[in-house]
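Note that ligands are numbered from 1 as they come in the structure, with each ligand's atoms numbered from 1 the same way.
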Amino acid sequence: MRLSLRFVLPLLLVLAGIAYAVAPLVDQLTLRWFMRDLEMRSSLIANTLEEPLQEQLAAGKKVRIAAFFNRITRDERLYAVGYCASPTEKAVASPALPAEVYCADLKRWEGPGDHLLKSAQGPLLISVKPIVSDAAPDGRLVLIHDMSFIARRSEESKRYVLYLFMALGVVVSLVTVIIAQISWHGWMAGMRSLLRGEGLLREPTAERQPALPEFQPIARDLQRLIRELETENRTRDEGQIIWSAESLRAILHGELRGEDVIVVSNREPYLHQRHGDHIDVQRPASGLVTALEPIMRACSGTWIAHGSGSADREVVDQHDHVAVPPDKPVYQIRRVWLSAEEEAGYYYGFSNEGLWPLCHIAHVRPIFRSGDWAQYVAVNRKFAKAVVSEAKTSAPIVLVQDYHFALLPKMIRDELPDATVITFWHIPWPNPESFAICPWRDEILAGMLGSAILGFHTQFHVNNFVDTVDRFLEARVDREAFTVSFGGKLTSVRRYPISIAWPPEREMVGKAVADCRTDIRQLNELPPEHKLGVGVDRLDYTKGIMERFRAVRRLLELSPEWIGRFSFVQIAAPSRSGIEEYRNHEQQVRDMAARINGRFAGNGPPPIVLKIEHHEPRDVYEYFRAADLCFVSSLHDGMNLVAKEFVAARDDEHGVLILSQFTGAARELPEALIVNPYDADQCAAALHMALTMPEAEQRDRMRLMRGLVAEFNVFRWAGRMLLDAAAMRRRSHLVDKSGAATS
Ligand code: ADQ
């Protein structure tokens, strides 16, 4: 409405101006018409008067002529009438004949031109007509018309012209406002879809309005501008934020206060385990839990996970909820129960025998069974139902974790179209050729594209995913913005490198490095100055534990001076032992360690110390602090948190990290000794270099790595995703508001 007024008022002013400019022209025109009429009238009157006048003149009755003229001038428009028999005589006239009109000067009022006389009564039109007779061959009849009525009419007509233009102005304005409103509506609809990042650039579909081709270049420019502003904003904001648990909490309180936040993961953040007659609460050592806990604490949301602890069912309420953390509950876990068949098909089968080897290049063939797929679909649906039942609003923020739930984003979107689903894929994404072997590849891709934001650790995985979608789905892929438009919905595919909490908990680094060195060596019956390497992994074939052992063997072959002076402690948490491949792998690892130790036996402590058991995080950190080097030799790893944990543990700025080039972490930690785990000679050289690296170089490298992990910590990982989601929601609220305002 304001916009309309802003347009209409100037229009009215312009029209009023035109009216004022036109009025004098109209005035002149009408005056000319009246004068022409009066001239004709004068001729008519002269003709009518001629005969009676001649008679009176012939009778010589001048008095009667004057009286006759008096009678005639009662007509209000005929001001005066006079008769001049000759220029030398006095006029016989009605009393009002002006003094300026006299017989001797009648020529002045004859001939072409406006014969107007301005008098006190107003303008007078003088008309002189010859009335010729034998007695008076120069006789002239003078008719004087009152013109004041013309001035009155001219005023009136000016007023009418003004009214006319005003009416015209109002009509034009109304038409303009209606057209403007209609266009504005269309324009706003265009802008709404543009802000959603769709619509104008989309292919037309049956249910949507057709794309407006004329808007497409503008739309692209605007989209680019919005993206640049967002990036600039984010970079600026992030530059100012020192990410910590507190800053994440504060930001989330500000950005997401009152938002309904739900996390879905296979692994739960707290497990209840029965030990005899008491129940213990266990916190799995998981990067995912560390990253997501602050979010849950800040938003008091709900975490949906598979209830896998032996006493999990005993502690939940009738809605399968349990409040955590146990000492000071602020959010709740909703436990989902799985049958043995469901767990076998969904978790061990499709997730870990299918998708896990599919996404990791570790030369283990993926196994795809239709029965596993059916369980995978069913369990994803079960979790989708749990999300719907836990949602407090129609538009929750749902954080879906990992490859166990590829179908869940679409299922959630189908049920809760206004939900903002953020999916994070913790493992690598393969190239399109590798991914193509999955019989249900299209369903998996479509399922993941139910997310508003889809996160991977590295740009390389983002590129692979976008290439895969481009190859197999009828989707619109924008490689500049890294968005995928599929089924009329937009997914932003971005890199969010995961990390660890910073600073590490006091409990983890409380024990002095010197004490850790002494105690760990004593514990493992190693001499005090014995050189120590450490590896910490789940017992998984992707972690390259065999390749690590081969490198140790090669080191001892190439540099025998280390025999009996160096040992490598491998801490390996048993993992997925329900899968044959993993059982075989464990056996192979055990055999290889035994073979190597056998080969170098009798020369002091064994080269390999294998500990296949779960350790508490604090114990793991003690090993990190006691070691001279940490060796991460993954054949393929999304990120690898162990590398970052080792760096975090070394507040003494000593110790060397040897890191596989096939981990996401290698892209962030170039100061590590980067190796190809398949190249035993290179890895052996790296081990030797690490064992002999001067302290100053160790410090320089460690300092740089610690700086990076401190800055790019897990709070930043979580915060960035959540802030992006909050920005997305703000944008869509804005679009909804503008929609409501214009509809
Ligand atoms: P994971 O494959 O499990 O994670 P990783 O990133 O190394 O690999 O995390 C393992 C975690 O478990 C670390 O916190 C580590 O300290 C702990 N851990 C390992 N062995 C242990 C043991 N024996 N005892 C106790 N704790 C142990 C997946 C992807 C990774 C990605 C993470 C996070 O495969 O690439 O970095 O998710 O996204």
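- Taking the charged nitrogens against the carboxylate oxygens, E622 and R618 have no contact shorter than 4.0 Å, which rules out a salt bridge.
- Here I498 has side-chain heavy atoms under 4.0 Å from ligand 1, and that is the only part of it that gets that close.
- Where the criterion is an N or O separation shorter than 3.5 Å, residue side chain and backbone included, M639 meets it with respect to ligand 1.
- For Y376 and W440, the distance between ring centers is not under 6.0 angstrom.
- When atom types are taken as modelled, the side chain of S351 and the backbone of Y346 share a donor-acceptor pair closer than 3.5 angstrom.
- Distances between N or O atoms of E645 and those of ligand 1 include at least one value under 3.5 Å.
- Residue E616 has no nitrogen or oxygen atom sitting less than 3.5 Å from a nitrogen or oxygen atom of ligand 1, judged on distance alone.
- Near G638, with a cut-off below 4.0 Å to any heavy atom, the atoms of ligand 1 are 35 (O).
- A donor-acceptor pair is defined here as one N or O able to donate and one able to accept, closer than 3.5 Å; no such pair exists between the side chain of R506 and the backbone of G510.
- Aromatic ring pairs are classed by plane angle as parallel below 30°, tilted from 30° to 60° and perpendicular above 60°; the pair F465 and F456 is tilted.
- Ligand 1 has an N or O atom lying under 3.5 Å from an N or O atom of A573, backbone or side chain.
- Atoms of ligand 1 lying under 4.0 Å from at least one heavy atom of I571, given by number and element, are 23 (N).
- Atoms of ligand 1 lying under 4.0 Å from any heavy atom of V642, numbered from 1 in the order shown and given with element: 7 (O), 15 (C).
- With a 4.0 Å cut-off on non-hydrogen atoms, D537 touches ligand 1 through its backbone and not its side chain.
- Aromatic pair F405/F383: centroids less than 6.0 angstrom apart.
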Walk me through whether R720 and Y496 qualify under side chain to side chain donor-acceptor pair (under 3.5 Å). CA-CA 8 Å; R720 264 196 52 198; Y496 298 98; 4.7 Å; no
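- Using a 4.0 Å cut-off between charged side-chain N and carboxylate O, R701 and E653 make no salt bridge.
- In terms of N/O distances under 3.5 Å, ligand 1 is not approached by W356.
- Taking the six-membered ring for Trp and the full ring otherwise, W356 and Y403 have centroids separated by under 6.0 Å.
- Ligand 1 places these atoms under 4.0 Å from at least one heavy atom of E613: 23 (N).
- Listed by number with element, the atoms of ligand 1 under 4.0 Å from a non-hydrogen atom of V536 are 19 (C), 20 (N), 21 (C).
- Here's the thing with A572: none of its N/O atoms is less than 3.5 angstrom from an N/O atom of ligand 1.
- You'll find the ring centres of F424 and H426 inside the 6.0 Å limit.
- Proximity annotation for atom 8 (O) of ligand 1: of K543, H457, R538, K543 comes nearest, heavy atoms only.
- Residue F424 places no N or O, backbone or side chain, under 3.5 Å from any N or O of ligand 1.
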